[in-house]
2 protein chains.
Amino acid sequence: MTTIRGARERARTEVTAAIKDEARRQLAAEGAAKLSLRAVARELGMVSSALYRYFPSRDELLTELIVDAYDAVGSAAEQALAAGGPASSATRAGSATRAGSATRAGAVTSAGAVTPVGPASGPVDHVGRWIAVCAAVRAWALAHPHEYALIYGSPVPGYSAPLLTVAPASRGAFALISVARDAHRAGGITPPALSDELRPEAERLTAQFGLDLPPEVVAALLASWAQLFGLISFEVFGQFNHLVEARDELFAQATRRLAHEVGMRDLGVEEAGRAVLPREYV
Amino acid sequence: MTTIRGARERARTEVTAAIKDEARRQLAAEGAAKLSLRAVARELGMVSSALYRYFPSRDELLTELIVDAYDAVGSAAEQALAAGGPASSATRAGSATRAGSATRAGAVTSAGAVTPVGPASGPVDHVGRWIAVCAAVRAWALAHPHEYALIYGSPVPGYSAPLLTVAPASRGAFALISVARDAHRAGGITPPALSDELRPEAERLTAQFGLDLPPEVVAALLASWAQLFGLISFEVFGQFNHLVEARDELFAQATRRLAHEVGMRDLGVEEAGRAVLPREYV
DNA sequence: CCAAAAAGAGAGCAGCGCTCTTGCTTCGGA
DNA sequence: TCCGAAGCAAGAGCGCTGCTCTCTTTTTGG
């Protein structure tokens, strides 16, 4: 499959990669709106029409960049998951991760305002891991604002292929799910409330993905995942400009409370007798 | 000021309004990316260069549409606020609401999956008002996806004027603040926790805007406001496609919990003795 | 070795935002 | 009332875009 079948095939993959790299460069520099096929071709020393041998249209190129961006944010999340204490085998091996292009996200490590726990320091700080994963996603978004906008901002091309991007888009979510699953298995989750109207949907999702979690937690995870990107989008898209300065702190507090929303408990409170409430309500 | 100074001036305002209306039509139909000055001019029976007598550039036109969109969502929120029980004089009269263009949002009323309380039914259901305001914003977003994307999606022109849009952008937020303020004045808020790192910022914001609220609530409001748009954006931008069906229910539950996050209590629980905890933790 | 497939090069089309020049209309002061 | 000034529409045009078509060159496999 991956063996080299000839010089021509080899050249093709190289040129394809070069086009994507240059496109990614322009995307990071100027944003998706300014990405121009002609400029990419110009930079690569070829004529614009030749580029259509590799990508049938501009939107097709953008779609590939979208998939790569999803992979990058998923990779950043999984990396933070692995660094925050190996409580369980990190992520399921499925969903074909396109190993080639996912390496790009390797540079993202600094997750500001978060103190990761040691690899083997007694009881696992599940809330800490949760916060670390959220912070990793945020750090990636702030480091790659245009790529973030490409996937979590307005859908740029006429509502691009949704089905193709579902799998890579879920990688990040599964990192948070892993944290919750580990906490649940360790008995560290008090399932939140779940309305009767929402319960069937939550149970369907739990079964559909074979999650080892109560449906209450699954529903809360879904909402938390969406709300996380509200916080990140406001920061990346400048809604906090001239308004909020202590963004690290706001994000840290908000993600901690999101962890409480899915039923996870802080470490300190857990030890104080049988109080299972998040610190806010003690 | 608003008197007619001559036929020429009258014609100018009319043409300007016609341009904006047509631009808004194209924006709603095709999205900001497809909005073309030439197409607007064509539709209005004029040549493209003539349009530059009214708007110096395409970005300038877009900026006006952005301001209008902020006003529309703010108006929708305030309308839901007024409909959900007049607990206090709805919103401060400041921030020059551009009355002319804000009328457009008058059609937005249906806020699915929410049962507004009667105008004078004993104790005010603050959480219900909160949910109603959130639902109104969501309903507007779903009804005007492209205009929503314009203001809460990726910033399209080279990071458009942020200072000019700050005032109209805050109208919606102030609607939620009003709900919290009313609840606070009625003694219906238990301030959540606030980390020491975030407290100075929260106190600064409280003072800056002269809010009659504890800083704990202000910090939680800020985070909740951002998280609300995470939920809405996921739905409008299609992140829930092929994944979540019961979106009304998910949104209702999530916004109810956001209300709890800022310290508001459900009506039923309040009556049951001295339990001040949200229903989830009882 | 040679036909077939693949790739590059160039011209060209329609559209875009925007500028500049050229006439025409309207306004306000002498 | 007239006339210069200002406002406005129209047209041509510039440089850019995505994309198509044709023609030539290069590489491949039988």
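Note on naming: letters A, B, ... go to the chains in the order of the sequence lines (proteins, then strands), and numbering restarts at 1 for each one.
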Residues pairing under side-chain hydrogen bond (donor to acceptor under 3.5 Å, both in side chains) where one sits in residues 36-46 of chain A, two or more places apart or in two chains, turn out to be none
Mind checking whether B:Ser75 and B:Trp140 have side chains closer than 4.5 Å, heavy atoms only?
no
To the nearest angstrom, the CG-P distance between A:Leu44 and C:dA9 comes to 11 Å
note: B:Lys34, atom NZ; D:dG18, atom P; distance rounded to Å ~ 14 Å
- Message: For a side-chain contact (heavy atoms from CB on, under 4.5 Å) check, start with the C-alpha distance between B:Asp68 and B:Arg24, then their side-chain angles and the critical distance, and finish with the verdict.
- Response: CA-CA 10 Å; B:Asp68 285 3; B:Arg24 189 150 34 223; 2.7 Å; yes
Here the ring-ring contact (aromatic ring centres under 6.0 Å, His included) pairs for residues 8-59 of chain A, sequence neighbours left out, are none
Whole-Å distance, B:Arg12 CZ to D:dC8 C1', equals 9 Å
Between its two end axes (five pairs each) the helix from C:dC1-D:dG30 to C:dA30-D:dT1 turns, nearest 10 degrees, through 0°
With sugar-phosphate taken as primed atoms, P, OP1 and OP2 and all else as base, the protein-contact string of nucleotides 16-24 of chain C at under 4.0 Å (heavy atoms; B, S, -) is BBBBB----
When rounded to whole Å, the CG to C1' distance for the pair B:Leu51 and D:dA9 reads 12 Å
The salt bridge (charged side-chain N to carboxylate O under 4.0 Å, His left out) partners of B:Arg12 (sequence neighbours excluded) come to none
TODO: Indicate the ring-plane relationship of B:Tyr148 and B:Phe229, choosing parallel, tilted or perpendicular according to the 30° and 60° boundaries.
DONE: parallel
Item to check | Any side-chain heavy-atom pair of A:Arg138 and A:Asp248 under 4.5 Å | outcome: yes
Hits for ring pair (Phe, Tyr, Trp, His ring centres under 6.0 Å) against A:Tyr70, two or more places apart or cross-chain, chain-then-number order -> A:Tyr152
When rounded to whole Å, the CD to P distance for the pair B:Glu30 and C:dG15 reads 14 Å
To the nearest angstrom, the CZ-P distance between B:Phe55 and D:dC8 comes to 13 Å
